[in-house]
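Taking it in order: structure first as structure tokens, then the write-up.
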Number of protein chains: 2
Amino acid sequence: MSDLLQRLRERGWRLTAQRRVVAEVLAGDHIHLTADEVHARATERLPEISRATVYNTLGELVSLGELLEVSTDHRATRYDPNARRPHHHLLCDRCGTIRDVHPTGDALSALPESERFGYTVSGVELTYRGICPNCAA
Amino acid sequence: MSDLLQRLRERGWRLTAQRRVVAEVLAGDHIHLTADEVHARATERLPEISRATVYNTLGELVSLGELLEVSTDHRATRYDPNARRPHHHLLCDRCGTIRDVHPTGDALSALPESERFGYTVSGVELTYRGICPNCAA
DNA sequence: GCCTTGACTTAGACCTTGTCCAATGTAGGC
DNA sequence: GCCTACATTGGACAAGGTCTAAGTCAAGGC
Ligand SMILES: [Mn+2]
Ligand SMILES: [Mn+2]
Ligand SMILES: [Zn+2]
Ligand SMILES: [Zn+2]
């Protein structure tokens, strides 16, 4: 997290209070917040931060490869700070909670040449769906 | 496609010109149109069809299990008439073209118990990403 | 330390996607 | 052919997201 700020400074980022707060809000495991959720949490620490700045900062972090965009549902995009270790997602259909998961094997190799239609395939995303223990109870 | 209309009539659907045109627009393989694309194509055949009716009809077809919603990008939902044969998607990152694909193996069994976090896992979606032959040229 | 400047932030207008509603039209049973 | 419950319509509305012009400020140079 201050690792992150360090990397960003090295890439010429100005260290503003707003950017610092957004970075802080995104710290942690299994974090997949929407832009408005990030804004709400950032506002607790820095009341005057604007929605536009949150969107700007999230967009920049995505461009820099420090954040991933995840669109699991048909609602708002979620932002995933776990961009350094490849992983997939397990989503609760009832409450929307998302966990990072690491399936075995390589999903890419499961797509035979005959099913590639001449595409150059570079990646694959898996989204598992189910019901979380909390919602099951 | 008239199969579809047949099934729908059996389920109590009124056969209106609007619904017929939406069903026609959705016919074919590897079709993954947005609601506005469906509306645009439907308008060519039936100029007075409204956006609300297109949304209504698409929503009903989804409820009836005749259409799938696909959200591969972070933009508009796409509607997939290939609801009868399970499949996954291969997406061109440049132009957005989507193909239906059928990978080998079972992605569900690739998620070990230790990575399920107590969830009851019921399904998995795969999205392959790459560049289509058209965009590569 | 202070100045300078280009990068950053801000409020709010605006756009796109999608939902909702009251008024109007019509498919299909009789 | 009539009736009526179901379908369609235009437009208002809402959420998520983008853009802009004006003001602010981090940080390098002195
Ligand atoms: Mn994640
Ligand atoms: Mn498909
Ligand atoms: Zn849940
Ligand atoms: Zn392409």
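The chains referred to below are lettered A, B, ... by the order of the sequence lines, with proteins before strands, and numbering in each begins at 1.
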**Asked** To the nearest 0.5 Å, what is the distance between OG1 (B:T127) and CD (A:E125)?
**Response** 5.5 Å

**Asked** Considering only heavy atoms from C-beta outward, does the side chain of A:Y128 approach that of B:S122 to under 4.5 Å?
**Response** no

**Asked** Are B:D80 and B:I31 close enough that some pair of their side-chain heavy atoms sits under 4.5 Å apart?
**Response** no

Under 4.0 Å between any heavy atoms, over every strand shown, what does [X] touch: base, sugar-phosphate, or nothing? Just pick one.
X     : value
B:A76 : sugar-phosphate
A:R51 : base
A:T34 : nothing
A:T16 : sugar-phosphate

**Fill in**
Contacts of B:H74 and B:E48 projected onto DNA chain D by closest heavy atom; the upstream (5') one is B:E48

From [options], pick the nucleotide closest to the side chain of [X]?
X     : options                : value
A:Y55 : C:dT9, D:dG17, D:dT8   : D:dG17
B:T57 : C:dT10, C:dC20, D:dT8  : D:dT8
B:A52 : C:dA27, C:dT10, C:dC20 : C:dC20
A:T77 : D:dA7, C:dG18, D:dG17  : D:dG17

